[in-house]
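Structure first, commentary second.
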Amino acid sequence: MEPVNVGLLGLGTVGGGTFNVLSRNADEIARRAGRGIRITHAAAREYDPASVPGIESIRVTDDAFRVVDDPDVEIVVELIGGYSPARELVLQAIANGKHVVTANKALIALHGNEIFAAAQEKGVTVAFEAAVAGGIPIIKAMREGLAANRIQWVAGIINGTGNFILTEMRDKGRDFDEVLAEAQALGYAEADPTFDVEGIDAAHKLTILASIAFGIPLQFDRTYTEGISRIEAQDVEYAGALGYRIKHLGIARKSEAGIEMRVHPTLIPERRLIANVDGVMNAVLVLGDAVGPTLYYGAGAGAEPTASAVVADVVDVVRALTSDPENRVPHLAFQPGELSDLTVLPMEQVETAYYLRMQVHDEPGVMARIAGILGDAGISIEAIQQKEPAAGCTELPLVLLTHRVLEGRMDQAIERIEALPSVVGSVLRIRMEPLDG
Ligand code: HSE
């Protein structure tokens, strides 16, 4: 049988990695796919030929639409990233009847509903394993391996850059900005690093995970997003002293009231396996009603780990080329006509426990006033940590852990605490999750 022709958009880190993995493992991959897979046409504005040996044997253009319109190309692999022109290229590839593989989480989170509808109409597949947690096959695990389960919640460390920053702050007491600069130099960070540190990249991925977990349309604009830029080395230290680690988590949960979709720094008990996922590694913990908790761990970024997921998707598409389009694995795990219009809860209606850190004047009665405000709001305190003031200083940091409470009620209590004359500046809150089965 003739090999399948692939068009590759982008020859950057992941594009180059994909070309190299497909070339190096061609025989093994063909044995798995049942046919050879060859890249015949690629598009890149700029690239380093030395990093993709063998690239000279194929056509390379600087106009990605030429690849998408190439009648010999059966599968388009989109590794350009960003919203546009990626959206136009993918829609054009679909209109041309080509299958698409993409690593583009921003594209799927924002335009996935439109893209999947177009693909469904044309009877082609859009595969996106590499869009979430890089090399970890989490989409396949949830969409296929856990298909028997009602998923209750998903919690993931799904941004390697943020996890690297928090790990370095904890282990080496390093400064936020210094570690971010290193993550950028190592090539982990997004082109715009605010996507990493402000949680946007993780929110793209969490939006996708939530849809696959619960069978709901993609709703990036309903995902609450909070970054790690306000976390200081002292928070990492206080959390550690209380038996917790701070992780930047994406959490999707289904309750009676609706769906929670949120990305924010989170205190989790240090004994949880996921609390020990350090550096640039990613991990996703899924609770299914039948299987219980399952944890998926691996490299969430990087050339070849991401290429591993891209190439696996190409193999899946090749295997499915002859199957009935109606019987292919649905894009969002549930059949397109079966997606539910479940309510996504606003943060005020989400219940979690809290870590609160505030700076207070060292004077009698402060603690009582703060405890009184929390008590009035029905918020129960689990632990208190008060640090000695520095020599000659009249202010000291006060750390409180609370039991679970609705966010709306905590908002009101924090407003009252911040209005106290003895409290300096604003209260830092970090939500806490037990992540128990
Ligand atoms: N910037 C992302 C991260 C790359 O740090 O996880 C992979 O999506």
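A quick note: this is a predicted structure, and the numbers were derived from the prediction, not measured. Residue numbers count from 1 along this sequence. Just follow the structure's listing: the first ligand is 1, and inside any ligand the first atom is 1.
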>> Give me the nearest non-hydrogen protein atom to atom 8 (O) of ligand 1 as residue plus atom name, then the distance to 0.1 Å.
In response: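 That would be Lys105 NZ, 2.6 Å.
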>> Among all the protein's non-hydrogen atoms, which is closest to atom 7 (C) of ligand 1, and how far away is it?
In response: Gly300 O, 3.4 Å
> Less than 6.0 Å separating the ring centroids of Phe164 and Tyr188?
Replying inline: yes
>> Considering Glu190, Gln184, Met281 one by one, which has a heavy atom nearer to atom 2 (C) of ligand 1 than any of the others?
In response: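 That would be Glu190.
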> At under 4.0 Å between heavy atoms, which part of Asp196 makes contact with ligand 1: side chain, backbone, both or neither?
Replying inline: side chain
> Counting heavy atoms only, which part of Asp201 comes closer than 4.0 Å to ligand 1: side chain, backbone, both or neither?
Replying inline: side chain
>> Using every non-hydrogen atom in the two residues, find where Ile417 and Met358 come nearest and quote the distance to one decimal.
In response: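 Between these two residues, the closest heavy atoms are CG2-SD, 3.8 Å.
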> What are the two closest heavy atoms between Arg429 and Tyr354, and how far apart are they?
Replying inline: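 In this case the closest contact between Arg429 and Tyr354 is CD-CE2, 3.8 Å.
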Close-contact set for ligand 1 against [X] heavy atoms, below 4.0 Å:
X      : result
Thr161 : 1 (N), 3 (C), 5 (O)
Ala301 : 4 (C), 7 (C)
Tyr188 : 1 (N), 2 (C), 3 (C), 4 (C), 5 (O)

> Between Tyr83 and His111, what is the ring plane arrangement, given parallel below 30°, perpendicular above 60°, and tilted in between?
Replying inline: perpendicular
> With a 4.0 Å cut-off, would you call Glu178 and Lys172 a salt bridge?
Replying inline: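 Looking at Glu178 and Lys172, the cut-off is not met.
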>> If the threshold is 4.0 Å, N to carboxylate O, is there a salt bridge linking Arg272 and Glu433?
In response: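 Looking at Arg272 and Glu433, the cut-off is not met.
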